[in-house]
Each structure stands twice: as structure tokens, then as C-alpha cells.
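Below is one structure; the comments refer to it alone.
One-based numbering along the sequence shown. Whatever order the structure lists them in is the order used to number ligands and atoms, beginning at 1.
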Amino acid sequence: MRSEEEEVRDGGPGWVARISGVHFPVTVLGPGRRLGIWFQGCPLACAGCMSRHTWDSAGGRAWPVAELLALWRQALAAGAEGLTVSGGEPLAQPAALARLLAGAAGARGAADADLLLYTGYTEAEIAADEARTLAVGGADALVTGRYVAARATDLVWRGSANQRLVPRTPLGAARYAPHLTRRSGPRALQIVGRGGALALYGVPRPGELDALEVELGEVGVGLTDPSWRV
Ligand code: SF4
């Protein structure tokens, strides 16, 4: 008989999340080298979203939470300074997200690796829904709110000026206080070759995607089906 603590630590049998992708190390979505996990499925449909490939809730792949937590433990052993969960909309799968964050908090032990969650919902929308409230309970910090293309910003790790970086725990406050009003550098994107395609991680500065496409074109690399024009 497994204890409840063991169940949470391991994600529990049968707990599965629909996931768009994972990557380590991610260096552009929170402080330090991080494990990135992107949930699949988003009902919010922000105009100008750069991740339209994550909208379809039937896309991506089913991924046991226990396996995601195993990746988190591997990343911690490799020196990960945090976990960033993004999407898609993670709160569209609140039960699996709650399991993932609770398990990730348990697995980090005494390490001060923080858990950062991106969501398109506002704090008020989260507070108004019990499942969402429970799901964000394990996060040290949130980035909240829809992407609004008309409100471009260079605030680090946010795509538009309405989005808020919200520390929720003492660890979150300590790690994110230096970044609440910090501006991103000239390049906010991390580019990784993956399976014959280019994967872009991060929150682009205003105009960065267009500039990148031009630069790639100048060296003979054309983009087919970029995720912001799907
Ligand atoms: S920006 Fe985020 S919340 Fe908005 S449609 Fe894209 S994935 Fe969904």
C-alpha cells in the first residue's frame, strides 16, 4: 500500500497530462537553467498568439505525470534552477497540473528551484474557480493574463503589458523580486533544433519574430508553417 505522500511524489498512477513538449535547459522563461513543460490545448485564442500549435486539445501527446516528474528529477540532478510550466493553457487541465506542481515541489527537497506557471487567466478568473485555485497552489510564481498584441512590452518574461508576474511564496518572492520591472535584453528567444525543425522558446520582444524571419531568410533559411501563422 503506497502512502498519499508517495502518490503525490510520483504523480500517481493514471494521472496523464496532454503535453505539447518538454525541454531542458530553457534559459528564457524564468531565472536560470530550467526544465520547460508546455501543456497542450488552449481555449483562450488570443489574437497574435505565437503558439497556435498548442491550441488543439487533441494535439500533442498524452504524457504520464509520473514521467514528467522523472524528467524534473533528472533536470534537478543536472543543476536545474527551476521548472517553468506554460502552454497552451495549463489551467485547462487543472487536476493534472495540480499533481504535477505538488509532485515537483516534493521532488525538489531542500533545493531552492522555483516553480513558475504561465496562464492566460487573470488572478480574478483563477480565484473565481475552485479547480484553478487548487491547481495554482503549488506554484511559487505566476505570469497571468491574456496576450494582448496591442499592448507590447519589453518587461522580461511577459508578452504584453497587462500580464502580471506574481510571486506567491517566500521562494517566489526572493527569486522574482529583482525581475518585476526588469526589461529583457535585445534577444528574448532561445532557438533549438529539434527533429529537423526549429523550436523557439521564450517570449519575443516586440518585432523579434519578424526580425528573426528576415535574418534567417538572409542566410537562406525559410520558415514553413511558423506556429504564429498556423
Ligand atoms: S497566448 Fe497563451 S493564453 Fe493566449 S492563446 Fe496563446 S497559448 Fe493561449
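- The backbone N or O of T169 sits nowhere less than 3.5 Å from a side-chain atom of D140 that would complete a donor-acceptor pair.
- Applying the side-chain contact (heavy atoms from CB on, under 4.5 Å) test to A47 and every residue at least two apart in sequence or in another chain returns nothing.
- In this structure, R132 satisfies the cation-pi test against Y121, with its NZ or CZ atom closer than 6.0 Å to the six-membered ring centre and inside 45 degrees of the ring normal.
- For ligand 1, residues of the protein lying within 4.0 angstrom by heavy-atom distance are C42, L44, A45, C46, C49, W55, G88, G120, Y147.
- Taking the six-membered ring where tryptophan is involved, the planes of Y201 and W38 are essentially parallel, since the angle between them stays under 30° and well short of 60°.
- Smallest separation of non-hydrogen atoms from D114 and P31: OD1-CG, 4.1 Å.
- Remark: side-chain polar atoms of Q40 are not paired, donor with acceptor, to backbone N or O of A58 under 3.5 angstrom.
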